[in-house]
Amino acid sequence: MPTAVITGITGQDGSYLAELLLSKGYKVVGMVRRTSTINFDRIRHIQNDIELVQGDLLDQSSLVDIVHEYKPEEVYNLAAQSFVPTSWKQPVLTGEFTALGVTRMLEAIRQVNPGIRFYQASSSEMFGKVVEVPQRESTPFYPRSPYGVAKVYGHWITVNYRESYNLYACSGILFNHESPRRGLEFVTHKVTHAAARIRLGRQKELRLGNLDSRRDWGYAGDYVKAMWLMLQQPEPDDYVVATGETHTVRELCEVAFERAGLDWQEHVVIDPKFLRPAEVDLLVGDPGKAGAKLGWEPEVTFKGLIEMMVDADFEALKSGREV
Ligand code: NAP
Ligand code: F7E
């Protein structure tokens with residue numbers, strides 16, 4: 001039974017990856033940071049099947065201890081400060097978690113067992129003000145937020161440890177991926193949740209920022225499969241994971257409100273508070289390499305994804321579970 005350590009197991013991707021690895025017979029060890037109130041909502045249904053251990057990307061010795069004690073074959077580094085607007089409010093902390101946290105984990109692996117296979121959660125935010133359309137593994141980075149800058153560091157330190165120490169270290173450059181478990185501040189869930197609440201008469205309007213921005217949105221359940229596949233190859237490498245389609249925030253509103261039986265234009269209000277100091281206007285990935293080398297393909301369409309999220313929000317709200 002192989003052992004995998006997942007940092008960020010309480011997050012959206014951590015919960016789906018844990019489910020996938022359990023279904024493949026792994027022993028799953030999830031690293032969680034100490035908080036005064038426990039927030040295991042996304043992993044409650046599998047809590048008895050996994051092992052949780054305290055650790056923090058800010059604390060080197062906790063990472064060394066975990067790698068030493070659990071002797072994993074694979075480490076998936078999903079933990080990060082992942083909300084882009086917060087990265088302007090807390091740029092130093094974002095750098096500590098999202099950038100230097102990667103080096104701390106790589107150092108723990110290098111010191112304890114350089115044979116461990118390592119996955120780094122890199123991001124399409126690294127492409128930022130894109131210099132090529134669609135974006136692929138060879139596209140130069142031009143990040144537009146402290147978060148994007150931190151992810152560029154995380155990407156290159158992963159490549160550097162691979163080249164310097166011959167580690168099996170992979171960087172997955174994942175485009176936006178969503179699900180009913182997505183944090184409520186991200187635009188897809190903010191929109192689907194509001195559409196369901198407006199339909200149920202619990203809210204009247206939805207305040208948003210830039211409706212013209214375009215994203216390549218996929219389903220998180222599909223994307224964690226690509227993470228696992230990257231660590232099963234003969235050689236470590238970096239891969240773009242995306243659908244190859246792009247949609248505006250406006251289209252997202254159309255699909256979500258239509259599913260709720262509403263006209264989005266009657267409810268959406270532009271609020272400058274949600275505009276960003278520097279925007280990423282257009283993202284669309286080329287998943288050709290992941291398709292050819294990993295045999296990976298997305299299964300859920302954009303419309304299917306947004307409708308799944310609206311339906312899940314309806315169900316949760318109607319049954320009295322706040323999302
Ligand atoms: P998420 O829902 O925001 O989850 C982030 C996780 O990181 C949470 O479990 C959080 O724990 C943990 N964490 C934060 N700071 C930590 C620290 N100092 N030490 C230990 N754990 C810490 O993010 P996600 O959407 O699942 O994304 C997973 C990863 O992929 C992130 O690195 C993100 O930047 C990256 N990514 C995401 C996307 C996307 O579209 N979702 C695309 C590309 C890349 P708490 O529960 O304690 O807060
Ligand atoms: O914004 C626009 C906003 O916050 C998407 C993270 O997982 O994916 C995510 O980063 C777009 C932006 O995601 C609102 O300006 C308009 O253009 O859902 P988001 P993100 O910034 O793309 C990448 C790949 C990651 O790696 C990150 O970790 O939507 N937008 N109005 C809005 N966005 C938000 N959040 N709220 C609004 O009201």
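Start at 1 and go down the list; that is how both ligands and their atoms are numbered. A quick note: this is a predicted structure, and the numbers were derived from the prediction, not measured.
- Here Lys289 pairs with Asp237 in a salt bridge; the nearest charged N to carboxylate O distance falls below 4.0 Å.
- Atom numbering of ligand 2 starts at 1 in the shown order; those under 4.0 Å from a heavy atom of Glu185 are 34 (C), 35 (N), 36 (N).
- Remark: ligand 2 atoms within the under-4.0 Å shell around heavy atoms of Ser124 are 24 (C).
- In summary, Glu74 and Arg117 do not engage in a salt bridge, as defined by a charged side-chain N under 4.0 Å from a carboxylate O.
- A heavy-atom cutoff of 4.0 Å around ligand 1 is satisfied by the protein residues Gly8, Thr10, Gly11, Gln12, Asp13, Met31, Arg33, Asp56, Leu57, Leu78, Ala79, Ala80, Ser82, Phe97, Ala121, Ser122, Ser123, Tyr147, Lys151, Leu174, Phe175, Asn176, His177, Arg182.
- Heavy-atom contacts from other residues, nucleotides or ligands closer than 6.0 Å to OH of Tyr165 number more than 12.
- Short contacts between ligand 2 and Phe274, defined as distances under 4.0 Å to a heavy atom of the residue, involve ligand atoms 38 (O).
- Nearest-residue assignment for atom 32 (C) of ligand 2 (options Thr248, Val268, Val187; heavy-atom criterion): Val187.
- Ion pairing of Lys27 with Asp49 is absent here, as no side-chain N (NZ or NE/NH1/NH2) approaches a carboxylate O to less than 4.0 Å.
- Looking at His177 and Asp13, their side chains do bring a donor and an acceptor atom within 3.5 Å of each other.
- Scanning Glu178, Met126, Lys190 for the heavy atom closest to atom 37 (C) of ligand 2 points to Lys190.
- If you number the atoms of ligand 2 from 1 as listed, the ones under 4.0 Å from a heavy atom of Glu279 come out as 3 (C), 12 (C), 15 (O), 17 (O).
- Atoms of ligand 2 lying under 4.0 Å from at least one heavy atom of Ser82, given by number and element, are 6 (C), 27 (C), 28 (O).
- In summary, the atoms of ligand 2 found under 4.0 Å from a heavy atom of Val84, numbered by their order in the structure, are 10 (O), 21 (O).
- Note that Lys318 lies in the cation-pi zone of Phe314, set by a 6.0 Å cut-off to the ring centre and a 45° limit from the axis.
- For the residue pair Thr98 / Gln81, no side-chain donor-acceptor distance below 3.5 Å is found, with atom types taken as modelled.
- Looking at atom 17 (O) of ligand 2, its nearest protein heavy atom turns out to be Ser213 OG, 2.6 Å.
- No salt bridge links Arg214 with Glu245; every basic N to acidic carboxylate O contact stays at or beyond 4.0 Å.
- Under a 4.0 Å criterion applied to the non-hydrogen atoms of Tyr147, ligand 2 contributes the atoms 25 (C), 26 (O), 27 (C), 28 (O).
- Contacts between Leu208 and ligand 2 below 4.0 angstrom, taking non-hydrogen atoms only, involve backbone and side chain alike.
- We find that Glu107 and Arg104 are not joined by a salt bridge, their nearest charged nitrogen and carboxylate oxygen being 4.0 Å or further apart.
- In terms of N/O distances under 3.5 Å, ligand 2 is not approached by Leu211.
- Other residues sharing a hydrophobic cluster with Val84 under the 4.5 Å side-chain heavy-atom criterion for ILVMFWY residues are Trp88, Tyr147.
- Side-chain atoms of Thr243 and Asp216 include a donor-acceptor pair closer than 3.5 Å.
- Taking each of Gly209, Ala121, Gly148 in turn, the one with a heavy atom nearest to atom 31 (N) of ligand 2 proves to be Gly209.
- Within the 4.0 Å heavy-atom cutoff, Arg182 counts among the residues contacting ligand 2.
- Counting only non-hydrogen atoms, the option in Arg215, Arg276, His177, Glu125 that gets closest to atom 1 (O) of ligand 2 is Arg276.
- Asn176 ND2, 3.7 Å is the protein heavy atom nearest to atom 20 (P) of ligand 2.
- A salt bridge links Glu279 to Arg215: one of the charged nitrogens lies within less than 4.0 Å of a carboxylate oxygen.
- With a heavy-atom cut-off of 4.0 Å, Phe186 touches ligand 2 through backbone and side chain alike.
- Using a cutoff of 4.0 Å between basic side-chain nitrogens and carboxylate oxygens, Glu254 and Arg250 are not scored as salt-bridged.
- Against a heavy-atom cut-off of under 4.0 Å, Phe83 is close to the following atoms of ligand 2: 4 (O), 35 (N).
- Put simply, the side chain of Arg202 gets close to the backbone of Leu317: a donor and an acceptor are under 3.5 Å apart.
- In this structure, Arg44 fails the cation-pi test against Phe40, since its NZ or CZ atom is not both closer than 6.0 Å to the six-membered ring centre and inside 45 degrees of the ring normal.
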